[in-house]
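Step one of this worksheet: look at the structure below.
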Amino acid sequence: MVKNENTETETHDARSRLVLAALRLFAEKGYEAATTREICDAASANISAIRYYFGDKAGLYRVVFTEPMGETKCHTNIATYSDLPLAEALGRFFTEFLECLKKGEEVRLVMKLHFREMIEPTGIWQQEIDTEIKPQHEALVAMLKEHLGLQRIDADVHRLAFAIVGMAVYFYVGQEVVAAISPQLLSTPKVIDVLAERLAGYAVSMIEGEARHRAQEANHE
């Protein structure tokens with residue numbers, strides 16, 4: 001059976017238009033205030049399209065919150081390269097983590113949506129923590145424990161993991177600040193790749209500093 005490529009393209013485009021329109025409206029108005037009618041109007045789609053592609057408004061919101069960048073990878077999977085040398089593993093981590101910054105305006109809307117979700121929670125943020133953020137944190141903590149040669153994970157390992165990730169997170173939540181002070185840092189995909197490389201180097205230094213701190217403490221005992 002020969003597939004109708006035009007139909008498949010139209011289907012993909014219609015779904016993408018709905019996701020982008022919903023992202024804008026949910027970010028601006030919040031889940032409750034944004035109506036399915038105005039989302040469909042903004043996407044030039046029939047009102048029945050939401051049920052067809054997403055089931056209902058809640059299903060659309062879930063997609064907008066968890067996969068707003070379409071095919072652009074926005075999540076990392078540290079466990080898949082935890083066996084690599086530390087610098088290489090961190091380089092992979094930051095490159096994947098910062099990939100969505102290359103989407104410009106869309107990622108700014110995503111951050112606005114995330115802030116709104118924290119203020120007007122629907123419950124989906126907790127799901128994101130449980131399914132994405134917590135597992136990645138645990139994988140990074142395990143990698144740090146292995147590299148530092150520790151027998152157990154303590155509070156300082158968690159502090160270090162949050163500090164490492166926090167460097168990259170700031171470039172998402174502080175985009176407007178970065179744009180006002182040093183806009184060239186996020187101006188092109190190439191400089192974002194350079195940023196990932198630099199953050200990996202900073203992270204290596206942080207980990208080496210933690211190792212020295214622990215060694216000094218051990219010598220004083």
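- Using a 4.5 Å heavy-atom threshold, the side chains of L101 and Q175 count as touching.
- In the displayed structure, E176 atom CD is contacted under 6.0 Å by at most 12 heavy atoms of other residues, nucleotides or ligands.
- Closest non-hydrogen pair, L90 versus A203, comes out as CD1-CB, 3.9 Å.
- Using bins of under 30°, 30° to 60° and over 60° for the plane-to-plane angle, the ring pair W125/F65 lands in the perpendicular bin.
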Begin with the C-alpha distance, continue with both residues' side-chain angles, and end with the deciding distance and a verdict on side-chain contact (heavy atoms from CB on, under 4.5 Å) for L185 and R198.
CA-CA 11 Å; L185 295 184; R198 296 292 185 274; over 6 Å; no
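- At least one donor-acceptor pair under 3.5 Å links the side chain of E38 to the backbone N or O of T35.
- A continuous path of hydrophobic side-chain contacts links I181 to L199 [ILVMFWY only; heavy atoms under 4.5 Å].
- Contact check for R214 versus D154: side-chain heavy atoms found under the 4.5 Å cut-off.
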Take T36 and L60 through the side-chain contact (heavy atoms from CB on, under 4.5 Å) test and state the conclusion after the steps.
CA-CA 9 Å; T36 54; L60 172 59; 5.8 Å; no
Could you go through E28 and K112, starting from their C-alpha distance and side-chain angles, then the distance that decides it, and tell me whether this counts as salt bridge (Lys or Arg N to Asp or Glu O under 4.0 Å)?
CA-CA 8 Å; E28 292 294 336; K112 189 172 184 178; 3.0 Å; yes
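- For the pair E210 and L144, the minimum side-chain heavy-atom distance is 4.5 Å or more.
- H158 contributes atom NE2, which lies 10.5 Å from atom CG of L140 (distance to the nearest 0.5 angstrom).
- Note on V107 and V169: same hydrophobic cluster, where clusters join Ile, Leu, Val, Met, Phe, Trp and Tyr whose side-chain heavy atoms are under 4.5 Å apart, directly or indirectly.
- Under the 4.5 Å side-chain contact rule for hydrophobic residues, Y52 and L18 share a cluster.
- Exactly one residue among R212, H147, M143 makes a side-chain contact (heavy atoms from CB on, under 4.5 Å) with I207. That residue is H147.
- In terms of heavy-atom proximity, L109 sits nearest to A27 at O-CB, 3.6 Å.
- Every residue two or more places apart in sequence or in another chain was checked for a side chain to side chain contact (heavy atoms under 4.5 Å, CB included) with S205, and none qualifies.
- Between Y61 and Y31, the angle of the ring planes goes over 60°, which puts this pair in the perpendicular group of the 30/60° scheme.
- Note that CZ of F93 and CD of E88 are 15.5 Å apart. Values are rounded to the nearest 0.5 Å.
- Proximity of V63 to R15: side-chain heavy atoms (C-beta onward) are separated by under 4.5 Å at one or more points.
- Using a 4.5 Å heavy-atom threshold, the side chains of F115 and V173 count as touching.
- Under a 3.5 Å cut-off, the side chain of N46 and the backbone N or O of A49 do not form any donor-acceptor pair.
- Between T66 and R62, the closest heavy-atom pair is OG1-O, 2.7 Å.
- Expressed to the nearest 0.5 Å, how far CD of E99 lies from OG1 of T95 amounts to 8.0 Å.
- Taking every heavy atom of both residues into account, Y53 and A14 meet most closely at OH-CB, 3.6 Å.
- Atom CZ of F94 is separated from atom CE of M167 by 4.0 Å, given to the nearest 0.5 angstrom.
- Shown here for A161 and H137, the closest heavy-atom pair between the two residues is CB-CE1, 3.6 Å.
- Counting all heavy atoms, side chain and backbone alike, K145 lies closest to I153 at CD-CG1, 3.4 Å.
- For E117 and T122, the side-chain atoms include at least one donor-acceptor pair closer than 3.5 Å.
- Inter-residue side-chain proximity for Y172 and F97 is flagged as met; some heavy-atom pair is nearer than 4.5 Å.
- Put simply, the side chain of I192 reaches to within 4.5 Å of the side chain of L186, judged on heavy atoms.
- A continuous path of hydrophobic side-chain contacts links V110 to I129 [ILVMFWY only; heavy atoms under 4.5 Å].
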Criterion side-chain contact (heavy atoms from CB on, under 4.5 Å) on D193 and K102, from CA distance to verdict:
CA-CA 10 Å; D193 287 336; K102 298 175 183 179; 2.9 Å; yes
Determine whether V177 and Y170 satisfy the following criterion, side-chain contact (heavy atoms from CB on, under 4.5 Å), listing intermediate values before the conclusion.
CA-CA 10 Å; V177 176; Y170 181 80; 3.3 Å; yes
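- A heavy-atom distance below 4.5 Å is found between the side chains of I164 and L160.
- Distance check: L20 CG to I39 CD1 gives 11.5 Å after rounding to the nearest 0.5 Å.
- Qualifying salt bridge (Lys or Arg N to Asp or Glu O under 4.0 Å) partners for D156, counting only residues two or more places apart in sequence or in other chains: R159.
- Interatomic distance, F26 CZ to E32 CD, rounded to the nearest 0.5 Å: 9.5 Å.
- The 12-atom threshold is exceeded at CG of D130, counting heavy atoms of other residues, nucleotides or ligands nearer than 6.0 Å.
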